[in-house]
Structures are given as structure tokens and as C-alpha cells.
Amino acid sequence: MSQLQRITIHPSQLQESQLLLTPQQQHYLLRVLRLRDGDKFIAMDGIGKWWLAQLTGEQGQVLELLEVKTELPVSITLMLALPKGNGFDDVVRCCTELGVTCIVPILSDRTLLNPSPQKLERWRRIAAEAAEQSERAFVATILEPLAFSNAINEYKINHRYICEARGDYPHLKNVISHTSSEIIIAIGPEGGWTEKELELAIDQGFQPISLGRRILRAVTAPVVALSLIAATCEV
């Protein structure tokens with residue numbers, strides 16, 4: 001199945017064994033990919049299901065439900081203070097490929113970017129494309145931007161970490177467990193978290209951790225963190 005093209009559909013497009021393609025999907029399959037009548041492709045709903053489908057005219061015919069085993073055994077929520085420029089695009093793409101479950105754009109004290117609704121749409125589109133490319137069963141959820149103080153109060157689970165580049169904190173690889181079912185990790189912007197933000201997160205139960213002795217860019221740190229968690233939890 002790895003050589004078949006994949007598209008992300010909305011569950012409502014599936015009508016029994018018929019797949020109702022949107023005009024954009026028809027254009028992509030017929031004009032861009034140049035698929036012909038009878039050619040097969042994979043439809044994924046982004047929430048766990050894949051189907052093998054066949055092109056019939058300008059619509060699809062569902063042939064069978066596919067079993068997909070590409071997800072991590074742990075749910076990872078990434079809280080990332082918005083970096084400058086288009087850096088968040090790269091983070092969404094790479095972290096979706098690595099298996100992130102949910103990404104929360106954070107407005108921190110040092111955040112310079114104030115994203116528009118069009119940015120949010122773009123990030124969700126990038127997540128869908130990255131999920132298709134990496135053959136994931138789920139598309140990472142990209143939430144609307146949240147103020148840092150609100151975000152750390154929103155999620156109450158046991159395994160919550162905040163990355164801090166400076167300070168004597170344990171390395172992430174030494175605190176995460178392969179038995180964890182849910183992890184939240186918060187990563188700051190250029191210049192890092194303010195002292196007030198770090199104290200606030202610790203008061204709310206976040207454990208400060210290190211990603212190593214080097215100072216990483218705001219767009220590099222999430223990739224390192226996701227890679228460490230995936231390497232520890234994926235068996």
C-alpha cells in the first residue's frame with residue numbers, strides 16, 4: 001500500500017461504499033496525479049481509519065477498510081510558544097511526522113507573532129499533508145492560540161514537562177517512561193521562557209527538564225523533544 005497516493009477526507013464524504021470526492025480532491029487525483037478510471041488510492045479520515053478506494057469516474061468506490069499500525073503508543077501534546085516568521089510551519093510538519101497528537105500555539109511574554117485565522121488554516125493543512133506523507137492514521141490537532149497562563153491550567157495530567165535551556169534540570173530522556181500513556185511538553189520562544197512563566201508552570205505541576213547542553217533554536221527543540229519521546233515509547 002505504500003506506493004498508493006493518500007488523501008484526507010471528512011467522514012461525511014463516505015456514503016456506504018461510495019466516496020464523494022470534493023472538486024479539489026478530484027482535481028488533485030485526476031489532474032495533478034493523473035489517476036485513471038480504476039486506479040486505486042488510499043482515503044484517510046484523520047481520526048484513525050484508512051480505506052482502500054478505487055477511482056470510478058470522478059468519485060471513489062471503497063474496496064476495503066485497512067489496518068494501520070503507525071501511531072505512537074503515547075498521546076503527546078506539544079505546547080509551543082510561537083516562533084518568529086514561518087517557523088511554526090516547519091514545527092507542525094516535522095512534529096506531525098514524528099507522531100505528535102496535538103499542538104497548542106502559545107502566546108508567551110516573548111512571543112512576537114500574532115497569527116491570523118488564515119495562519120491557523122494553513123497549519124491544519126500542513127498537518128494533514130504531513131500525516132498523509134508519513135502514513136499516519138491520525139492528523140495532528142492544531143488548536144487555536146492560547147495565552148500561556150491559560151494553557152497550563154487547561155491540561156491536568158501526571159506527565160507534564162517544560163523545557164528550559166539554562167539551569168540544572170534533568171534530561172528529558174531520563175524522566176520519560178515507556179509506560180506513559182499521555183505526555184504534555186511545553187517549549188518556549190526565542191529567548192526562552194521568562195522566569196515568571198517558568199515559576200507559574202512549576203506551580204501548576206510542570207516538571208522543568210533539559211534537552212541537552214546546547215541552546216537549541218525554537219524550531220529545533222520540538223523536533224528533538226518529539227524524537228526523544230518517540231524513541232523511548234515506541235516499541
Do [X] and [Y] have side chains that get closer than 4.5 Å, going by heavy atoms?
X	Y	answer
Ile183	Ile176	yes
Glu64	Leu66	yes
Ile162	Trp193	yes
Pro115	Leu120	no
Thr77	Val104	yes

Partner residues of [X] under the side-chain contact (heavy atoms from CB on, under 4.5 Å) criterion, sequence neighbours left out:
X	value
Ala147	Ser149, Asn150
Arg93	Asp90, Glu97, Ile126, Ala130
Pro117	none
Ser181	none

Hphob cluster co-occupancy, Val68 + Leu63, side-chain heavy atoms under 4.5 angstrom =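 In one cluster with Val68: Leu63, yes.
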
Between Ile142 and Val91, is there a shared hydrophobic cluster once you connect ILVMFWY residues whose side-chain heavy atoms come closer than 4.5 Å?
->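 Linked, Ile142 and Val91 end up in one cluster.
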
Verdict with reasoning, Leu52 to Leu4, per side chain to side chain contact (heavy atoms under 4.5 Å, CB included) | CA-CA 9 Å; Leu52 177 64; Leu4 294 181; 3.5 Å; yes

Please check this pair: side chain of [X] against backbone of [Y], looking for a donor-acceptor N/O pair closer than 3.5 Å.
X	Y	result
Asp37	Gly57	yes
Glu132	Ala43	no
Gln59	Thr56	no
Glu234	Leu72	no
Arg110	Pro189	no

Working to the nearest 0.5 Å, report the span between [atom1] of [X] and [atom2] of [Y].
X	Y	atom1	atom2	answer
Ile42	Met44	CD1	CE	9.5 Å
Cys102	Ile76	SG	CD1	11.5 Å
Ile103	Arg124	CD1	CZ	11.5 Å
Gln5	Arg34	CD	CZ	13.5 Å
Ser75	His159	OG	NE2	12.0 Å
Ile187	Leu78	CD1	CG	5.5 Å

Donor-acceptor pair between Ser17 and Gln61 side chains, under 3.5 angstrom |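 Gln61 and Ser17 do have a side-chain donor-acceptor pair below 3.5 Å.
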
Indicate the atoms forming the closest heavy-atom contact of [X] with [Y], along with that distance.
X	Y	result
Lys119	Asn86	NZ-OD1, 2.7 Å
Thr70	Glu135	OG1-O, 2.8 Å
Thr96	Ala140	OG1-CB, 3.6 Å
Pro11	Asp45	CG-CB, 4.3 Å
Pro105	Leu143	CD-O, 3.1 Å

Evaluate the criterion side chain to side chain contact (heavy atoms under 4.5 Å, CB included) for residue pair Leu146 and Leu107; output intermediate values, then yes/no.
-> CA-CA 6 Å; Leu146 270 179; Leu107 303 172; over 6 Å; no

To which residues is Leu55 joined in a hydrophobic cluster, defined by side-chain heavy-atom contacts under 4.5 Å among Ile, Leu, Val, Met, Phe, Trp and Tyr, whether direct or through other members?
->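 Ile7, Ile9, Leu14, Leu19, Leu21, Tyr28, Leu29, Leu30, Val32, Leu33, Leu35, Phe41, Trp51, Val62, Leu65, all in the cluster of Leu55.
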
Determine, step by step, whether Asp39 and Gln54 satisfy the side chain to side chain contact (heavy atoms under 4.5 Å, CB included) criterion, reporting the C-alpha distance in whole Å, the side-chain angles of both residues, the deciding distance to 0.1 Å, and the verdict.
-> CA-CA 6 Å; Asp39 284 348; Gln54 187 174 42; over 6 Å; no

Which pairs of donor and acceptor atoms, one on a side chain in residues 197-204, lie under 3.5 Å apart (sequence neighbours left out)?
| residue | atom | partner | partner atom | Å |
| --- | --- | --- | --- | --- |
| Glu197 | OE1 | Thr194 | N | 3.0 |
| Glu197 | OE1 | Thr194 | OG1 | 3.3 |
| Glu197 | OE2 | Asp109 | N | 2.7 |
| Gln204 | OE1 | Lys156 | NZ | 2.9 |
| Gln204 | NE2 | Asn153 | OD1 | 3.3 |

Neighbour count above 12 (heavy atom, 6.0 Å) for Glu58 CD | no

Should we count NZ of Lys49 as having more than 12 external heavy atoms under 6.0 Å?
->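 Open.
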
Starting from the C-alpha separation in whole Å, work towards a yes-or-no answer on side chain to side chain contact (heavy atoms under 4.5 Å, CB included) for Ile185 and Met79.
-> CA-CA 6 Å; Ile185 188 154; Met79 295 180 177; over 6 Å; no

Qualifying salt bridge (charged side-chain N to carboxylate O under 4.0 Å, His left out) pairs with a residue from residues 66-78, counting only residues at least two apart or across chains =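 Output for this query lists Glu67-Lys69, Glu71-Arg136.
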
With sequence neighbours excluded, give me every ring-ring contact (aromatic ring centres under 6.0 Å, His included) pair touching residues 60-119.
->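 Residue pairs with at least one partner in residues 60-119: Phe88-Trp123.
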
Pairwise ring-ring contact (aromatic ring centres under 6.0 Å, His included) hits with a residue in residues 199-235, at least two apart | none

Non-neighbouring partners of Arg122 that pass salt bridge (Lys or Arg N to Asp or Glu O under 4.0 Å), sequence neighbours left out =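 For Arg122 the salt bridge (Lys or Arg N to Asp or Glu O under 4.0 Å) partners, ignoring immediate neighbours, are Asp89.
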
All side-chain hydrogen bond (donor to acceptor under 3.5 Å, both in side chains) counterparts of His171, not counting sequence neighbours | none

Under 3.5 Å donor-acceptor pairs involving side-chain atoms of residues 207-230, not counting sequence neighbours:
| residue | atom | partner | partner atom | Å |
| --- | --- | --- | --- | --- |
| Ser210 | OG | Gly212 | N | 2.9 |
| Ser210 | OG | Gly212 | O | 3.2 |
| Ser227 | OG | Val223 | O | 2.7 |

